[in-house]
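Notes to accompany the following structure.
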4 protein chains.
Amino acid sequence: MFDIDLQSRVPIYEQLYKKTIELIIKGVLSENDQLPSVRALAKELGVNPNTVAKAYQELERSKVIYSLSGRGSFISRISDMEIKEYALIDFDESVREALKAGVTPDELKNRIDAVTEKERSAP
Amino acid sequence: MFDIDLQSRVPIYEQLYKKTIELIIKGVLSENDQLPSVRALAKELGVNPNTVAKAYQELERSKVIYSLSGRGSFISRISDMEIKEYALIDFDESVREALKAGVTPDELKNRIDAVTEKERSAP
Amino acid sequence: MFDIDLQSRVPIYEQLYKKTIELIIKGVLSENDQLPSVRALAKELGVNPNTVAKAYQELERSKVIYSLSGRGSFISRISDMEIKEYALIDFDESVREALKAGVTPDELKNRIDAVTEKERSAP
Amino acid sequence: MFDIDLQSRVPIYEQLYKKTIELIIKGVLSENDQLPSVRALAKELGVNPNTVAKAYQELERSKVIYSLSGRGSFISRISDMEIKEYALIDFDESVREALKAGVTPDELKNRIDAVTEKERSAP
DNA sequence: GTGGTCTAGACCACG
DNA sequence: GTGGTCTAGACCACG
């Protein structure tokens, strides 16, 4: 479920952070669902417990999860818009870069369709 | 010209790398233009020559610039298509991220129009 | 193991790069074997950690090794063909040079037999 | 005639050195032929006179050329074997590397034919 | 502990 | 003057 890439240059804790949000969006994780414990997940993934703990802390800071002391971590109620905001900040930036590079808005729109198509067939 | 953000978590050499490509895109730097020498740019930016040298080496490896020994570094001939490719790689990635976050392709297209509009008025 | 020649005009980081590939070819280093840490190898060789780091970065860029953040650097899976390719690029170049120098293909072939014979007796 | 590649990482003086020997082998330059003056060649190639001078010095040190003070530089009588020796030292080394990489002598011989063929069609 | 980035500076080959 | 290599060391993020 939380498959991560240890060889990636993206920090593991960041991958876990994004993966969790992705699982919520996909409906795999829902409001009030309990997350695996730090130690359990760390063991399963073969990573340092501190790394998992850091991801959970970041998720809690962003109000994506909440934790009850001694009981564990749970998915918060989170509006879709909040999640989307994150992705869109990066998106806007990449649009700006592409416009600067001389790509036209229409080319970008075609590109969206191409990527959407590709993701649908091989997600 | 090569304004960089020393506070950023993005490595200075990487900022210089991207900045150079951006300057080419904007037409500020053209084919065969000479870049400032490693030492001159380092002094101007207040960073270590090694840091600038690293950026130049990466740019040369990517064929964005070439250097003539003992003479300096110069902008290579880069096709517009190659320049666009640079920008589109980032764009595609951000599209993928947005789709994962549950943003629909149509929302992204609207977003492109919004950003385009904003850039046109305040570039 | 990683014996290098500090007097050589060949940069140390390049010697380390080639040496690593040579150790893989000889079977001394195999897939997933861990390399000594940057600091440990630097100390052992009496060179600066930055120099070793540069060699490792080049090796990683060439996919000869991979690194797991916070854990260290490891030998990638490289096919025998890939290893041979490395050696043959140099070989082709030396053949071209020899042809330019007026050596005939037959002379080169005889030379191969001579070297092979010599290596067999004193490897 | 002395076409060189300014962008190459091979020093210009070394390219000139090799080029001169190549021209002798091809018969373009023969015993007692006069070489262009340092200044003339430097101007023609658009390089620093010091660079040409260095190449000539190296050629003289290797007895490939001789110079008469005030008159210029001339091609020496040089045996083919002397020239070949240079190339063969590199060749032997590359053969050793290839053997270490597990390439068989027969594969190397086939490779020689392939390179010879390619050079013949596009030198 | 591990690699990544950076500084301040030196020395060198090449031109 | 120009870039390439290297040292000696610091600080940092990640794990």
Side-chain angles (χ1 to χ4, degrees), chain A residues 4 6 8-16 38 42 45-55 58, chain B residues 6 8-16 34-43 45-57 59-60 65-74, chain C residues 6 8-16 34-43 45-57 59-60 65-74, chain D residues 4 6 8-16 38 42 45-55 58:
Chain A
I4 54 172
L6 296 176
S8 168
R9 354 91 220 99
V10 179
I12 296 170
Y13 82 89
E14 206 175 312
Q15 292 186 51
L16 283 174
V38 167
L45 299 175
V47 302
N48 195 303
N50 289 333
T51 307
V52 177
K54 183 165 185 180
E58 298 278 333
Chain B
L6 296 175
S8 168
R9 353 103 232 75
V10 180
I12 298 170
Y13 78 87
E14 207 175 308
Q15 292 185 50
L16 283 173
Q34 183 165 13
L35 288 171
S37 79
V38 167
R39 283 175 185 75
L41 186 52
K43 203 173 174 187
L45 298 175
V47 301
N48 193 284
N50 283 333
T51 305
V52 177
K54 186 168 183 178
Y56 279 19
Q57 278 163 23
L59 284 164
E60 193 174 354
I65 69 174
Y66 62 91
S67 55
L68 300 185
S69 68
R71 292 214 222 151
S73 302
F74 305 81
Chain C
L6 296 175
S8 168
R9 345 107 222 86
V10 179
I12 298 170
Y13 78 88
E14 207 175 308
Q15 292 185 49
L16 283 174
Q34 183 164 11
L35 288 171
S37 80
V38 168
R39 284 173 183 76
L41 185 52
K43 202 173 173 188
L45 298 175
V47 301
N48 193 284
N50 284 333
T51 305
V52 176
K54 186 166 184 180
Y56 279 21
Q57 278 163 22
L59 285 164
E60 193 173 355
I65 68 174
Y66 62 90
S67 55
L68 301 184
S69 68
R71 293 213 221 152
S73 303
F74 305 82
Chain D
I4 54 172
L6 295 176
S8 167
R9 353 88 227 97
V10 179
I12 296 170
Y13 82 89
E14 206 176 311
Q15 292 185 52
L16 283 173
V38 167
L45 298 175
V47 302
N48 194 303
N50 290 333
T51 308
V52 177
K54 184 165 183 179
E58 298 278 334

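Quick note on labels: first sequence line is chain A, next is B, and so on, each numbered from 1. Because the structure is predicted, anything quoted here is derived from the model rather than measured.
By the side chain to side chain contact (heavy atoms under 4.5 Å, CB included) test, C/Ser69 is found to be paired with no residue, residues two or more places apart in sequence or in another chain being considered. Take B/Ala40 and apply the side chain to side chain contact (heavy atoms under 4.5 Å, CB included) test, not counting sequence neighbours, and it matches B/Ser37. Listed by chain and residue number, D/Asn50, D/Thr51 satisfy the side chain to side chain contact (heavy atoms under 4.5 Å, CB included) test with D/Asn48 (two or more places apart in sequence, or in another chain). With sequence neighbours left out, the salt bridge (Lys or Arg N to Asp or Glu O under 4.0 Å) criterion links B/Glu60 to no other residue.
Within the 4.5 Å cutoff, no side-chain heavy atoms of C/Val47 are placed close to those of C/Tyr13.
Position along DNA chain F of the nearest nucleotide to C/Val10 versus B/Ser67 favours B/Ser67 as the more 5'-ward residue. For C/Ser73 and D/Thr51, each mapped to the nucleotide of DNA chain E holding its nearest heavy atom, the one lying further toward the 5' end belongs to C/Ser73. Two residues, C/Gly70 and B/Val38, neighbour DNA chain F, and the one matched to the more 5' nucleotide by heavy-atom proximity is B/Val38. Comparing C/Gln34 and B/Leu6 by the nucleotide of DNA chain E that holds the closest heavy atom to each, the one mapping nearer the 5' end is C/Gln34.
Contact annotation for A/Asn48: backbone-only contact, meaning every heavy-atom pair under 4.0 Å involves sugar-phosphate atoms and none involves a base. At the heavy-atom level, D/Val47 lies nowhere under 4.0 Å from the strands shown. B/Arg39 comes within 4.0 angstrom of a nucleotide base, judged by non-hydrogen atoms across all strands. Among the atoms of the strands shown, none is found under 4.0 Å from any heavy atom of C/Leu68.
Taking both residues in full, the closest heavy atoms of C/Val38 and C/Ala53 are given as CG1-N, 4.0 Å, listed atom of the first, atom of the second, then distance.
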Practice prompt. Both distances under 3.5 Å, Watson-Crick or G-U wobble: on that basis, could you give the dot-bracket string for DNA chain F, with [ ] for crossing pairs and | for other-strand partners?
Written response: ||||||||||||||.
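Chain B approaches DNA chain F over the interval F/dG1 to F/dC6, counting the first and last nucleotide 5' to 3' with an atom under 4.0 Å from its heavy atoms.
Side-chain atoms of D/Glu58 never come within 3.5 Å of backbone atoms of D/Glu14 as a donor-acceptor pair (strictly under, hydrogens ignored). Formation of a donor-acceptor pair under 3.5 Å by the C/Gln34 side chain with backbone atoms of C/Ser73 is not found in this model. Distance alone, capped at 3.5 Å, places no donor-acceptor pair between the C/Gln57 side chain and the C/Val52 backbone.
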